[in-house]
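Being a predicted model, the structure only gives us computed values, none of them experimental. In listed order, ligands and their atoms are each counted from 1.
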Amino acid sequence: MSFASQSFSPEIVRALTECGYEKLTPIQQQAIPHARRGHDILANAQTGTGKTAAFSLPIIQQICDKPKQRSRFNVRALILAPTRELAAQIAKNIEDYTKYVSINVAAIYGGTKMASQEKKLEQGLDILVATPGRLLEHMELNNVSLANLEFLVFDEADRMLDMGFISDIRLIMNDIRTQPQTMLFSATFSSQMNKLSNEILRKPKRISVSPENATAETVAHVVYPVDDDRKRELLSELIGKKNWQQVLVFVNYKETANELVKELKLDGIKAVLCHGDKAQSARRRALEEFKEGKARVMVATEVAARGLDIQGLPHVVNYDMPFLAEDYVHRIGRTGRAGQQGHAVSFVSREEELTLVQVEKLIRQRIRRIQLAGYEPANRDALLHKMQTKSAFKDRQGRTNNPTDQSDAERRARLRRAVLNKSKITKLKK
Ligand code: AMP
């Protein structure tokens, strides 16, 4: 199905062609006809499926069909997104789609100056993309008016709830007096999500693309069983031997990310960092370097990398397995996008095998194991031995017959007892 057949104006079709879009993706096929007719939408869709165009193109076309004079601080369409990166990404996509029409768009999010954002808001916007927290700050300062809002989108709504934005969302909703056409996109559904969608959507059209389609068809998944303390070496070896040029590496903790980047640099592999402790400008710079090929590896944590769109990204590595199987699908959504081939590699220690089983269940696919010689995980007996020595060490720490072995807590407890006894004795003496 072509975009021209959806009666988008020639200027929009031309911009889409320049973006390399020829046919609609499945989520676009389902969402666009309903959204063009003004229906509310409740969509179950992963990132990487083309959902940004699915919600933004119908809005863009409707705004083009009914042009209005821009007025100060006024916004016609509001798109809410959980992270700064995703908000910036959506705005960038919309800029690309609106290259040949007269529509203005801006993204506002935390970590950048309020003043420059205020200037953008003051001119009045056709489309505003925002993270909920920063939008509220501007609303409190009367820098933005939602009084005439016509379109409202919640992108990655599940993430917004996970990140605790529900009260911000309610405050924003309180300020909306119109009945905008509302679209909610989410990768997962929970009872809290159902409650929210019941509150904000009117007779929504329900659409869904299954997560398996979003990853499995174009992505080759592989697992390398390996002990935690050998993962770093394995990563350097694979990058070097297989000549991987652009690798997004996911870790669970910021500390792991910091360490890993240092170690990769020591191995002569240029790597950049993307995690929540980094300033917004540093994250943006890292992403640019990674996209432009100046850095071969980007090491990222879940939230920071959420929603990132890196054209043609060939390799994603789960250095740590995610805590939730669903997050595997989100992470892997960064590769194999829009029909391109992708490669999803997971390093799995014995302790992470349970997550792997859950992932396989979720994506309904058994993932191929590759055991690289020299990286075989220690056998179960060795693991057991390691765990036993760990607990033996704990026991040793807990011993009290040698005063130098005492833990701080025990020393403090003894001191407290001694002070108590002393005061009892003084009381008795009195
Ligand atoms: P999204 O799920 O919106 O993040 O989109 C994932 C990727 O697919 C982005 O790189 C989009 O530019 C691309 N994309 C979206 N729609 C199409 C399409 N119809 N044809 C080709 N690529 C697309």
Q. Do ligand 1 and Gly50 have nitrogen or oxygen atoms that lie under 3.5 Å from each other?
A. yes
Q. Taking only residues two or more places apart in sequence, or in another chain, which ones meet Arg170 in a salt bridge (Lys or Arg N to Asp or Glu O under 4.0 Å)?
A. Glu199
Q. Is Asn93 in polar range of ligand 1, meaning some N or O pair under 3.5 Å apart?
A. no
Q.
With the threshold set at under 4.0 angstrom, would you say Lys23 reaches ligand 1 through any of its heavy atoms?
A. yes
Q) Quick one: which ligand 1 atoms are inside 4.0 Å of a heavy atom on Phe3? A) 19 (N)
Q | Where ligand 1 meets Thr25 - atom numbers and elements under 4.0 angstrom, heavy-atom basis | A | 16 (N), 17 (C), 18 (C), 19 (N)
Q) Short N/O distance, under 3.5 Å, between Tyr97 and ligand 1? A) no
Q: Tell me, yes or no, whether the heavy-atom count around Arg369 atom CZ, taken from other residues, nucleotides or ligands under 6.0 Å, exceeds 12.
A: yes
Q.
Run the salt bridge (charged side-chain N to carboxylate O under 4.0 Å, His left out) test on Lys262 and Glu259 for me, step by step, so that the C-alpha distance in whole Å, both residues' side-chain angles and the decisive distance to 0.1 Å come before the verdict.
A. CA-CA 5 Å; Lys262 271 192 221 149; Glu259 274 304 304; 3.7 Å; yes
(Q) Would Asp327 and Arg159 count as a salt bridge (charged side-chain N to carboxylate O under 4.0 Å, His left out) here? Give the steps. (A) CA-CA 11 Å; Asp327 285 335; Arg159 245 335 113 135; 2.5 Å; yes
Q. Any idea which of Phe55, Tyr21, Phe185 brings a heavy atom closest to atom 20 (N) of ligand 1?
A. Tyr21
Q. Taking NZ, NE, NH1 and NH2 as the nitrogens, is one of them in Glu289 or Lys270 under 4.0 Å from a carboxylate oxygen of the other?
A. yes
Q | Ligand-side contact atoms (ligand 1) for residue partner Thr52, heavy atom cut-off under 4.0 Å | A | 1 (P), 3 (O), 4 (O)
Q: Return the orientation label for the His315 and Trp244 ring planes: parallel under 30°, perpendicular over 60°, tilted otherwise.
A: parallel
